[in-house]
Each structure stands twice: as C-alpha cells, then as structure tokens.
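What follows is a short report on a single structure.
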Amino acid sequence: MNIHEYQGKEILRSYGVSVPDGKPVFSPEEAVKVAKELGQDVIVVKAQIHAGGRGKAGGVKIAKSAEEVKSYAKELFGKVLVTKQTGPEGKKINRLLIESGCKIAKELYLSFTIDRNTAQTVMIGSEAGGMEIEEVASSTPDKIIKEYIDPFIGLAPFQARRMAFKLNIEPSLINKAASLMTGLYKVFVDKDCSLAEINPLVLTQDNNVMALDVKLNFDDSALFRHPDIIALRDETEEDPKEREAAELGLNYVNLGGNVACMVNGAGLAMATVDIIKHYGGEPANFLDVGGQGSAEDDAKAFKIMTADGQAKGIFVNIFGGINKCDIIAEGIIEANKMLELKLPIVVRLDGTNVKEGREILKKANIPNVIMVESMTEGAKKVVELVKNA
Amino acid sequence: MGIFINKDTKVIVQGITGKQALFHTNHMLAYGTKIVGGVTPGKGGQTVEGVPVFNTVAEAKEKTGANASVIFVPAKFAADSILEAINAEMDVVVCITEHIPVDDMIKVRRYLKGKKTRMIGPNCPGIMTADECNIGIIPGSIHKKGHVGIISRSGTLTYEAMYQMSNAGIGQTTIIGIGGDPVKGTDFIDVLESFNKDSETKAVLMIGEIGGTAEEDAAAWIHANMKKPVAAFISGRQAPPGKRMGHAGAIISGGKGSAADKIKALNAAGIEVADTVAHMGETMVKTLKAAGIYEECHNC
C-alpha cells in the first residue's frame, strides 16, 4: 500500500524526524490560508499523487507570495499530471501540500528497504541526492553506501554514524543525521514498511538535517496490525477495477488490452498474459481467481473483466490440481448463464478429472463457450476471435 | 532417493484441526506420506483422521519421532509456528501459508542461522519425492517417478510442469515449490546444490518469475558449479514495473527483477528457457536430448 507524501511526513514528524512545516490542502483558498499561517518568504506547492517524478513533470512549484501560491494552486488542482511513473494516462491532482521552503546546503539520499538475498533490512545512502537511486546504482554504483541490519539488534548507532561519515556529513551534524536515520528505521519496522525513502535528505544552511520528500510503502501482508495506516488509504489513487477486484478477494491487475484472462494461480496467470502476447494479442488483465472454482467465484471474475466493455474475449486457463476440472467446467457454464455473456470465452482445462470437465462443456454446447485441447491452441484461438470481433 | 525428504520422513501437521489442513492431511495420507501427528495448541489428546494431536511441536516430536513438519497455520500466527518447529530441531519445515508479513520472515531467517532445519516456503505448495513422500498441497495424481528435479516459485506452474513432463514420458525425482514470497527459507541455489549431489537426479527444471535476482544468481551458480543439465521457464514477461502480480515477491522494482534480465542471465549460462508456459515439457526434452541423457530419463 502507498500513501501520500504529506501523510508520510506526518508519520516522520511523530517519530522526531525533522520535516518542513506544512499542511495538505484541498482548494486554492485553503492553500493561501495555510501559506499565510506558515508566514515564510518561500512557500513550496507540491502535487500529492501516488507517483514519483512530480518535480520534473511540473507538479512542484516555488511561490514567493500568497498570490503566487493561489495561482499555482489553481493551476494544479484538477490537472492530470503525467510523470515517469504514472504511465501516459497520468494522475489527477486532488490534494496539494503547502509547506515552508528551506535553504539547502546539500542534498543526499537515504532509504530503508528489504534485501531479498540476505533476508535483512538494508539502509542505503548516497551523496547523489535528488536523483533517482536506480540511475545512481547503475551509472555510479560506488556512490551507493549500504548498511545491513541485524533484526535482533536493530540499526546500531555505530552503523548510523558510519553511514553519516561516509556521506561526508560534517562532524557537527553527524549526531543529528544519525538520529534521523534511527527515527526512520523505527518507522520502517514499527509500521511494517517495504520502503522508506527520503530523497532528498537535506542539510540546511541553518544546520539542520531534514527530510524534504518522503515515500513510504507498506507490506500489504502486515496491514492487519496497522489500522492507522489503513485509514490513510486514498482510494481515488487506485485503479477502480483493481479496487473492486480486491474487495471481492481477487488478484487483479489492469493491463489495458482487450484479451481478458482468468487463471488459477499467480504463476500460471502471469504466464497466460505472456502467452496471449506471444501469439499477438493485447492482454487486458492479470487475474488469479484462486478459490475453489465455484460458479460464484467465476461470475465475480467475469463481471470485473467485462463490466466496462474493454475485453472482447476471455481466455479461461485452468489447471485442475486439487480443484477438479468437472467442478470448474460447471462453474464456468453457470457463471456465463448468470451474466448472460455474449463475448467468446475460450476454455482450456487440464489436470484432475479433465475428461469429465471437457465432457460437461461439450454437452452444454454453449455458442460463446469454446473448448480447446491445449494452452497453445487456446491462446491462438482467443487472439484470433478478438481480432475478428 | 531425491532430496530433503524420502519414504522414511515422518511428518507432523501444524494447525491440523483447521479445515484446509484436514483436507490436505487426507490427501497426504492417501499418497502414503507418513503423517505421525498434528499440533494445535489446546487440542492435545484429540485424534483427527486417525492422527494424534499434541499441544506443542516439541511434544509431538518426542512422542512420534517426527523429523518434518508442515504448517497450515493462519498468516498472523504462522511465523511463530515456524519458529516453534525450528526450535524443536525439525530437519525439514514446510510452510504453506500465504501473506506472512515480510518482517516476520526476516526474523525467522535470522533465527534459522546456524540451525540444522531446512525451511521451505512460505507461500508454497510444498515438496514431493515421487512415490515416497508428499508434504503440502501438490496433487499426487500428476507426477511420474523418474530422474528430473523441479524447482519452482509458483504452485500451479509446478503442477503444469509435472503434467507436461509426465505426458512427455519424463519422470521426476523431487518436486519443490520454494514459494512466491520475497523472503523465504529456501532459494534456487540451495535446491540446485542438493540436486547436483543427488545420484537419482539427472537434470533439473527451474521455474522462476519476475521480482528479485534469485534467477540471475542461480544462473551464475549453475554456470560455475552445476554438473547436470538445466532447463528453465520465467513467467511475467509482460508484467509492468511496480505492479505486484499476485505473489508478494512478483514485482519489478528499483529497475530490478524483469523477466528479460532473468532470461538473458539464464541464456548466458547456457540454459534454454521455454518461450511459452506450454513448452516447459518440450524444452526439458530438448535439453535432455542435447545432453545425451534423453533415453535414460524417458519412460524409465
């Protein structure tokens, strides 16, 4: 799960991590009010969307007066911001963060994330602040500094100091920097983050160490123990179909094409998207239906896939392991009837009770439900039917 | 033979009184797996499916002589169950549970350091040594005993691979689902090392997916150490960056973990990667033929 920058900054503030003063606003009038409250010469107006690259896309403005704050706010509210991370469709700006500007002496990078190889949390620092860390890692890997953290010890003070010294932070600011690192690590662990990134981390001209921007991502599997984080969810930032699917307990990712697919198991679901593309189709979605293959489960999945008319055909690719093909076949037929679907549904069944399953489909003889003998045949068939639709 | 488990492995089921656990306990028993006990705290003394239930893993081990455990405990409590099994010095611990918090698994991995336990999963279908022992939820009906080992991050793709290979007359030794989570007990290289030493296993099929760099690392390890031919498949070629594709670990992030990178690394190590999921069996056959061991692996 993702949250907005201003929400992340509020969490950091509560852990004693220094961030600029500021507040989220929902209208230009509110923006001016907050700017006046802050009473600073320089006010930063920042678009709040769940995507990085906002600065380069024009989503961050520096204002020198209340009038400027108002005109920037008017410009940004309702605008669709297209950044490197939003995709071409962009994201609509509904919230702004109004905050005090600060005088920057140096920009750095700091983050905590999970290192899969060592199964540890790793703290990553770099003097190349404000840049995308992936670019730094690939072009100048020697500029990346890492500290691996023993989960039984936590981030040791010496590790934080070592990081600060390696980042060439001046001695008078080492303790402030180390305590910021400790605070951010505490946020990372307490809140079950998968990423806690400060970019840039700034050293200010008045000798402060401050998080100018922050990105917090959370481990979905751990949300059950964080009602405070769940409360920060902004549903307008999510794909409506993905949100609806999640509420029904389906694993769904919108991929934008017109060949839908319904599959059991995440690995096979990914591989089905791939095989549709391999034979020239444009996959509409990833969908792991999981469950027991009941008619209700299938109907839910079909409904999500067909509701907006984007899909022109569906490839049902099921390998019956513990779930039996005959039960699955009956579920598909029933769901098709319930929703009165007209679009072609190509069905590949294999595995346990495959003979019985195929027999049921054959007997039912439904015009839009087409049975195939293999996955390859099914992928080719659905692509062909969608192209001719 | 095969790796990690065999016909003598004695298994307990943690969370045995749950619905899913009971269902799969029946399947495992039907396969011939030696399920010698179960653990559900507070239900010690009961018997389910003819299997005695104990309050703690330590007690179950002491009374039954079990050396392996399979965990069907809900995600909130699963990490604690894994710790209990490691603490009881089980040789093999298989965790089926999905959605365990990553931070819990980081602590489990730390606790595993220096211990003798081989932990498999979580979020995995389990492990099966053909015709000897089946621990987890792998359907028992689709395998064929033979000489190829299978390692996979995905459950259904494991079944697909077994099915395609069995249909092509290529049998299996041990089949392992290592799971779809980012932090797990066992990774490709751990399994490859064991397959390399197993005299029954003549070749290996590895099934990876987007996310992390375990396939790249495995490719390098295979190139340097593996004495047996390996074929592969990678799912997620069309996955967009930053999107989690079902499995917690299946996400391209920070510019790492794409299918293209993995396929490139595997090819560079001389490993053939199936172009589609439907061709895993064919690719294995091709690899066996190229290595000159097709005859001994076919309908043996």
Side-chain angles (χ1 to χ4, degrees), chain A residues 85 87 113-114 116-121 132-135 137-138 150-152 189 192-195 219-225 251 253 255 263-279 283 286-288 290 317-322 350-352 374-377 379, chain B residues 23-24 27 75-76 99-107 109-110 125 137-139 141-142 152-160 163 180 182-184 207 209-214 217 233 235-240 242-250 253-256 259 275-279:
Chain A
Q85 292 180 13
T113 188
I114 308 291
R116 294 186 189 212
N117 291 344
T118 59
Q120 283 178 312
T121 299
E132 273 186 54
I133 197 69
E134 294 88 37
E135 279 174 27
S138 66
D150 185 325
F152 290 175
V189 174
D192 277 294
C193 292
S194 48
L195 174 72
D219 176 7
D220 291 335
S221 297
L223 285 174
F224 70 87
R225 53 193 180 202
N251 252 318
V253 177
L255 297 173
V263 188
N264 64 333
L268 186 57
M270 271 187 270
T272 303
V273 168
D274 295 350
I275 200 173
I276 289 169
K277 183 80 181 180
H278 184 83
Y279 289 112
F286 162 96
L287 174 59
D288 171 11
N317 186 11
I318 303 283
F319 188 88
I322 301 292
D350 246 323
T352 313
S374 77
M375 216 180 332
T376 301
E377 190 195 336
Chain B
F23 177 81
H24 292 292
H27 276 264
K76 276 187 193 183
H99 301 308
I100 298 179
V102 175
D103 192 53
D104 292 8
M105 277 311 299
I106 287 180
K107 292 188 176 104
R109 277 285 300 269
R110 177 67 178 81
I137 63 174
I138 298 174
S141 55
I142 48 177
S152 170
R153 278 170 70 183
S154 148
T156 6
L157 287 187
T158 310
Y159 316 155
E160 276 287 351
Y163 189 70
V183 175
K184 47 188 172 279
I207 302 168
E209 63 191 31
I210 55 161
T213 56
D217 298 341
F233 176 70
S235 57
R237 290 176 199 238
Q238 299 304 322
K243 281 278 184 188
R244 190 161 270 113
M245 305 296 271
H247 288 154
S253 61
K256 276 186 183 161
D275 61 347
T276 77
V277 60
H279 295 149

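The structure presented is a predicted model; accordingly, all values stated were derived computationally and were not measured. In what follows, chains carry the letters A, B, and so on, assigned in the order in which the sequence lines appear, proteins first and then strands, with residues in each chain numbered from 1.
Side-chain N or O atoms of T156(B) include one that pairs as donor or acceptor with a backbone N or O of N264(A) at under 3.5 Å. Of the possible polar contacts, one joining the D219(A) side chain to the V102(B) backbone as a donor-acceptor pair under 3.5 Å is found.
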- Message: Test side chain to side chain contact (heavy atoms under 4.5 Å, CB included) on D274(A) and V277(B); report intermediate values, then the result.
- Response: CA-CA 8 Å; D274(A) 295 350; V277(B) 60; over 6 Å; no
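Heavy-atom pairs under 4.5 Å with chain B peak, among T113(A), L255(A), D150(A), at D150(A). Taking chain B as the reference chain and counting heavy-atom pairs below 4.5 Å, the highest number among L268(A), V273(A), N251(A) is found for L268(A). In terms of heavy-atom pairs under 4.5 angstrom with chain A, the leader among R109(B), H247(B), R110(B) is R110(B). Annotation: maximal heavy-atom pairing with chain A below 4.5 Å, among K184(B), M105(B), K243(B), R244(B), occurs at K243(B). Looking only at heavy-atom pairs under 4.5 Å with chain B, the residue among G265(A), A269(A), S221(A) that has the most is S221(A). Heavy-atom pairs under 4.5 Å with chain A were tallied for G180(B), P182(B), S154(B); the largest tally goes to P182(B). Put simply, of G255(B), G212(B), A259(B), the one with the most heavy-atom pairs under 4.5 Å next to chain A is G212(B).
Residue T352(A) holds its OG1 atom at 10.0 Å from OH of Y159(B), rounded to the nearest 0.5 Å. In this structure, the separation between NE2 on H278(A) and CZ on R237(B) is 8.0 Å, given to the nearest 0.5 Å. Within the model, atoms OG1 of T276(B) and CD1 of I275(A) stand 3.5 Å from one another, a figure rounded to the nearest 0.5 Å.
I106(B) touches chain A through backbone and side chain together, each having a heavy atom under 4.5 Å away. With a 4.5 Å cut-off on non-hydrogen atoms, K76(B) touches chain A through its backbone and its side chain both.
Using the six-membered ring where Trp is involved, Y163(B) and F319(A) have ring planes that are perpendicular, over 60° apart on the 30 and 60° scheme.
Shortest non-hydrogen contact noted between T376(A) and A278(B) is OG1-CB, 3.2 Å. Closest approach of P151(A) and K107(B) over heavy atoms only: CB-CG, 4.4 Å. Contact record, P101(B) with R225(A): CB-NH2, 3.2 Å, taken as the closest heavy-atom pair. The two residues G246(B) and A266(A) have their closest heavy-atom pair at CA-CB, 4.0 Å.
Taking a cutoff of 4.0 Å between a charged side-chain nitrogen and a carboxylate oxygen, R116(A) and D217(B) do not qualify as a salt bridge.
You'll find the side chain of M270(A) reaches within 4.5 Å of the side chain of I210(B), heavy atoms only.
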